[in-house]
Amino acid sequence: MRLQEFWARMEGQFGSIRSQSVARDHVFGQLGGLTALEAIDAGVPVRRVWLEICKEYDVPPKER
C-alpha cells in the first residue's frame, strides 16, 4: 500500500479532519506505542499501520 492510498482510505473512513487526528494523536500499542504517523516514519509498512487502525476502530473487513 502506498502512502497516497493510505490517506485516501483514512479520509474515506474517518473524514478529512478526523483522519488527521487519528493518524497524529492516537497511540497504538500494537505499533510499539507509536502513533500511525510515527510508525510510518519509523519504517513500519503502511499496510500494517492501516490494518492496526482498522482493528482499533472496528473498520468492517470489506473496507480494509
Side-chain angles (χ1 to χ4, degrees):
M1 170 184 281
R2 293 179 178 227
L3 197 53
Q4 183 177 3
E5 182 182 354
F6 170 80
W7 283 115
R9 288 179 184 225
M10 287 289 288
E11 288 186 19
Q13 188 64 43
F14 301 106
S16 61
I17 294 174
R18 186 162 184 235
S19 65
Q20 295 293 320
S21 177
V22 168
R24 183 184 62 242
D25 301 328
H26 188 95
V27 174
F28 295 87
Q30 294 296 322
L31 295 175
L34 301 172
T35 67
L37 292 180
E38 290 170 336
I40 290 169
D41 287 344
V44 176
V46 177
R47 178 78 177 155
R48 179 169 174 229
V49 173
W50 168 247
L51 291 175
E52 291 303 330
I53 292 169
C54 290
K55 290 176 194 173
E56 187 81 16
Y57 285 91
D58 295 322
V59 174
K62 68 179 184 171
E63 296 176 24
R64 296 181 182 188

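All residue numbers in this chain count up from 1 along the given sequence.
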Which pairs of donor and acceptor atoms, one on a side chain in residues 31-39, lie under 3.5 Å apart (sequence neighbours left out)?
residue	atom	partner	partner atom	Å
Thr35	OG1	Glu38	N	3.1
Thr35	OG1	Glu38	OE1	3.4
Glu38	OE1	Thr35	N	2.9

Under 3.5 Å, which donor-acceptor pairs do the side chains of residues 42-57 form with other protein atoms, sequence neighbours left out?
residue	atom	partner	partner atom	Å
Arg47	NH1	Arg64	O	3.1
Arg48	NH2	Gln30	O	2.7
Trp50	NE1	Arg64	O	3.1
Glu56	OE2	His26	NE2	3.3
Tyr57	OH	His26	ND1	3.0

Anything under 3.5 Å between a donor and an acceptor, one on a side chain of residues 14-24, the other on a protein residue two or more places apart or in another chain? List them.
residue	atom	partner	partner atom	Å
Ser19	OG	Gly15	O	2.9
Ser19	OG	Ser16	O	3.0
Ser21	OG	Asp25	OD2	3.1

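Applying the salt bridge (Lys or Arg N to Asp or Glu O under 4.0 Å) criterion to Glu11, with sequence neighbours excluded, gives no partner residue. Every residue two or more places apart in sequence or in another chain was checked for a side chain to side chain contact (heavy atoms under 4.5 Å, CB included) with Gln4, and none qualifies.
Val27 and Phe6 fall into different hydrophobic clusters, where Ile, Leu, Val, Met, Phe, Trp and Tyr side chains are chained together by heavy-atom contacts under 4.5 Å.
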